[in-house]
2 protein chains.
Amino acid sequence: MNEKQNQKSKRTTMTISNPLENLLGYHLRRASAAMISQLSQGFSALDLKITETSVLVMVEANPGMKQSDIGRALGIKSANMAPLVAVLSDRGLIRKKPLDGRSQGLHLSEEGKKVVKKIWENINANEEWLARSLDKDSFDSLKKTLNNIWL
Amino acid sequence: MNEKQNQKSKRTTMTISNPLENLLGYHLRRASAAMISQLSQGFSALDLKITETSVLVMVEANPGMKQSDIGRALGIKSANMAPLVAVLSDRGLIRKKPLDGRSQGLHLSEEGKKVVKKIWENINANEEWLARSLDKDSFDSLKKTLNNIWL
DNA sequence: TATTGTTATACTCTATAACTATA
DNA sequence: TATAGTTATAGAGTATAACAATA
């Protein structure tokens, strides 16, 4: 008899009020966190972090590009790009070719190209997960709304 | 004489391709980061972190609520709630009142009530900043879309 | 047994400051 | 002078593991 009401709290059905639920910023933060958690889980099989995958995808799309340009495009500071690129280079996923005395162009290795294919599989699966969570119309309108506003 | 083309790169107008721009997940992450940066800046004047302000707002809306319930509502793990609540308590913004032998209800102090007013000023300013960035229709549809989906 | 709260610890991402070397 | 890249370090948020005390 009325078992549902007793599922969470035993005595009083003390309802929780969350004023943050009315805020767009709050939902933006929660939605982003949920998405990142989902995406990271997929990338863990490749032993890659999200920032690392974003750099690999950029190198694939812009072979020979300097890491400073990639960092600017992704909003990653040069101080954080340095160790990030070092890891990818040490793992043999990217190669550095000198452009001049101070800057080096980044290229994918053969191994890197294989890895990027798997990265895209995960990215596409994540977008589908988002689409499932949002329904098609909301997904499209959200993408259009957010596109080219931030950065 | 075509000065605009020379604003960014000197020699070649090497256009950067960013395939991530087509992804909703990417924009969600960037938008959330931009919003958090904006909001944190406002809270720094109060010497409060975003997670701390979210707890204070919840205590204001639910006086006497246990920290475990607040953590659940906000998606903050109990291991992270403990030091968070301790800081707010040490600063005299909240008070703990024992509910039973193991749980304690949280309440705002007078000082805490004053601080929450300023928190709301910052939150409202942030929402207005978001609305300005997005235009009214997109803002409303975004809020409706994200509402009650995540968590 | 499950819940409340705590401590310790580690990881990801981001930020600033200071620095070297090159254009 | 400005840019490319690096190192060191700190902070904010989140995660797991292990634990004591209580319901």
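A note on names: the letters A, B, ... follow the listed sequences, proteins ahead of strands, and every chain is numbered from 1.
- For the pair B:I36 and B:S32, the minimum side-chain heavy-atom distance is below 4.5 Å.
- Side-chain atoms of A:S78 lie closest to D:dG5 of the nucleotides C:dG5, D:dG5, D:dA15.
- Residue B:T51 places its side chain closer to D:dT14 than to any other of D:dT6, C:dT7, D:dT14.
- Distances shown here put every side-chain N or O of A:K49 at or beyond 4.0 Å from the OP1 or OP2 atom of C:dT14.
- Of the candidate nucleotides C:dT4, C:dT14, C:dT7, C:dT4 has the atom nearest to the side chain of B:S103.
- Here the side chain of B:Q67 is nearest to one of C:dC13, C:dG5, C:dT7, namely C:dG5.
- Between A:M81 atom CE and D:dT6 atom C1' the separation is 13 Å, expressed in whole Å.
- The nearest pair of heavy atoms linking A:G105 to A:H107 is O-CD2, 3.7 Å.
- Listed for the B:S44 side chain is a donor-acceptor partner under 3.5 Å among the backbone atoms of B:Q41.
- Under 3.5 Å, the side chain of A:D100 and the base of D:dA4 form no donor-acceptor pair of N or O atoms.
- Under 4.0 angstrom from either OP1 or OP2 of D:dG5 there lies at least one side-chain N or O belonging to A:S68.
- In terms of position along DNA chain C, the nucleotide closest to B:V85 lies nearer the 5' end than the nucleotide closest to the other residue of the pair B:V85 and A:I76.
- D:dA15 atom P lies 11 Å from atom CD1 of A:I36, rounded to whole Å.
- The distance between atom CD1 of A:I50 and atom C1' of D:dT14, rounded to the nearest whole Å, is 13 Å.
- Within the model, atoms NE2 of A:H27 and CE of B:M35 stand 11.0 Å from one another, a figure rounded to the nearest 0.5 Å.
- Using a 4.0 Å cut-off, no side-chain N or O of A:R30 falls inside it from OP1 or OP2 of D:dG13.
- With rounding to the nearest 0.5 Å, the separation of OH in A:Y26 from CD in B:E127 is 12.5 Å.
- Taking atom CZ on A:R72 and atom C1' on D:dA2, their separation rounds to 12 Å, with Å as the unit.
- Nearest-nucleotide mapping onto DNA chain D: of B:E52 and A:K66, the residue sitting toward the 5' end is A:K66.
- Atom CG in B:L39 sits about 16 Å away from atom C1' in C:dT14, given to the nearest Å.
- Of all the heavy atoms in A:F43 and A:I123, the pair that sits closest is CZ-CG1, 3.9 Å.
- When the P atom of C:dA8 is taken as reference, atom CG of B:N80 falls 14 Å away, rounded to whole Å.
- Among the heavy atoms of the strands lying under 4.0 Å from A:K77 is at least one base atom, whether or not backbone atoms are also near.
- Here C:dT4 presents its P atom at 21 Å from NZ of B:K97, a figure rounded to the nearest Å.
- What separates CG of A:L99 from C1' of D:dA4 is a distance of 11 Å, to the nearest Å.
- Here the nucleotide nearest the side chain of A:R102, chosen from C:dG5, C:dT22, D:dT16, is C:dT22.
- Base engagement by A:A79 is indicated by at least one non-hydrogen atom pair under 4.0 Å involving a base atom.
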